[in-house]
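Structure record follows, encoded as structure tokens.
Along the sequence shown, residues are numbered consecutively beginning with 1. Here the structure is a predicted model, which means the values were calculated and not measured.
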Amino acid sequence: MFRNRRRIVQILKSIIGCLLFFVIIKLTVHDVGEENKTAPKFEELKKLMIEAEIDNFKRLLTVRDTCRKYNLGKHREPDKPSAFKHPPAPQYTVFYIARSHNLSYCPIYKAGSTTWIYNLCLLMNVPVEELNSGKEQISTIARRVIPEIEYPEADKALMLTKKLLVVRHPFERLLSAYRDKLENSVAGREHGTLHFYRKYGGKIVRKYRDKNFKRPRDDQVIRQQDLPQPAGIEPTFREFVQYLISTDLGSYGDDHWMPYYLFCTPCIVHYDIVAKVETLWRDQIYAIHKLGLQEVIKPRWRHNGGYSNASRIYFSQLSRDMVEKLYDKFKLDFELFDYSPDDYYQYSSVWNSSIN
């Protein structure tokens, strides 16, 4: 009873804080070029901030309760077993720690990371012209102005700064990573697709390709007309999922598909804001104002949502058993951030019915 009362008090304090915040807030004009959304007016912004504050509080509680449930990280009791193999410390070097702006960000790739790395570059006074020139990847620019720092300096910096994490439905992130990095080794070589084929794709094909392999039908893939066709040597989505299921991703996985709990260690690092790609527009506005950065950066959308039916098309190539095993592999991410696999089980039923 006492614990529930404390939670209610904390929520009320947060809401009151938001209301007081609007007494002094100066609204930012949004650059509408990327998503055709106008900046919320005062009353809309007040409602948005309160709604996002409550959601953020719930998300933080879910993370904490899940870490306790599985006896992980800072919540671990040594005399009790843990259901998951968990790192003993954060991966300090993956964080972008902008101490001058009181912000630390763990970039989960394929989960709005380009948006926030772009924002961090703006915070560090990188000219927009340089960011938009296309001469360098934004992450390269960001690392130049926000160098990696290691323990113990990084540990102290994380404790003293506000910490931001942006997540996405785990299956959507995996599909996005596959389509961006592995589906086509010809297109996007400036972003490393050939590198990904050489490091992962070729090995996946050699290990998981069936001797009776047939290329996916045209209705089982999405091809953009303005891009060159794949070379025909790349892994299928089904083969990629077989690799994910069978691999120790903590040791032999890439950052683009490493589980959240291993990469950004939310059971060790106490994040102040957990945003989601599914509500990224709202959560960006919330985070920017919550962190007091509204005079420096604007909410913007640099994430390509892709095709609305992509998940159905690609997950229909998987059996129900494969989707269940993939869920088991990423189960902790699902529970930490309150996502469900149910729709994807339905997509897999197409594959099941096609073989019966």
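A cation-pi arrangement is absent between Arg76 and Tyr70, since the terminal nitrogen or guanidinium carbon is not both under 6.0 Å from the aromatic centre and inside a 45° cone about the axis. A cation-pi geometry, defined here as NZ or CZ lying under 6.0 Å from the six-membered ring centre and within 45° of its normal, does not hold between Arg59 and Phe337.
Residues Leu120 and Val128 fall within the same hydrophobic cluster, defined by Ile, Leu, Val, Met, Phe, Trp and Tyr side chains chained together at heavy-atom separations under 4.5 Å. Tracing side-chain contacts under 4.5 Å through hydrophobic residues (I, L, V, M, F, W, Y), one reaches Ile297 starting from Val145; they form part of the same cluster. Clustering ILVMFWY residues whenever any of their side-chain heavy atoms sit less than 4.5 angstrom apart, transitively, puts Ile268 in a cluster other than the one holding Leu336.
For Tyr178, the ring-ring contact (aromatic ring centres under 6.0 Å, His included) partners are Phe237, Phe240, not counting sequence neighbours. Partners of Asp272 by salt bridge (charged side-chain N to carboxylate O under 4.0 Å, His left out), not counting sequence neighbours, listed by chain and number: Lys163.
Side chains of Tyr344 and Glu172: a donor-acceptor N/O pair is present below 3.5 angstrom, by distance only.
Under 4.0 Å is where a charged nitrogen must lie from a carboxylate oxygen, and between Lys290 and Glu53 at least one such pair does.
With side-chain heavy atoms closer than 4.5 Å counting as contact, directly or through intermediates, the hydrophobic cluster containing Tyr197 also holds Ile233.
Classified by interplanar angle (parallel below 30°, tilted 30° to 60°, perpendicular above 60°), the ring pair His169/Phe171 is tilted. Classified by interplanar angle (parallel below 30°, tilted 30° to 60°, perpendicular above 60°), the ring pair Tyr261/His86 is parallel. Classification of the Trp116-Tyr105 ring pair by plane angle, with boundaries at 30° and 60°, yields tilted.
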Derivation and outcome, ring pair (Phe, Tyr, Trp, His ring centres under 6.0 Å), residues Tyr200 and Trp257: CA-CA 12 Å; Tyr200 297 103; Trp257 50 80; 5.1 Å; yes
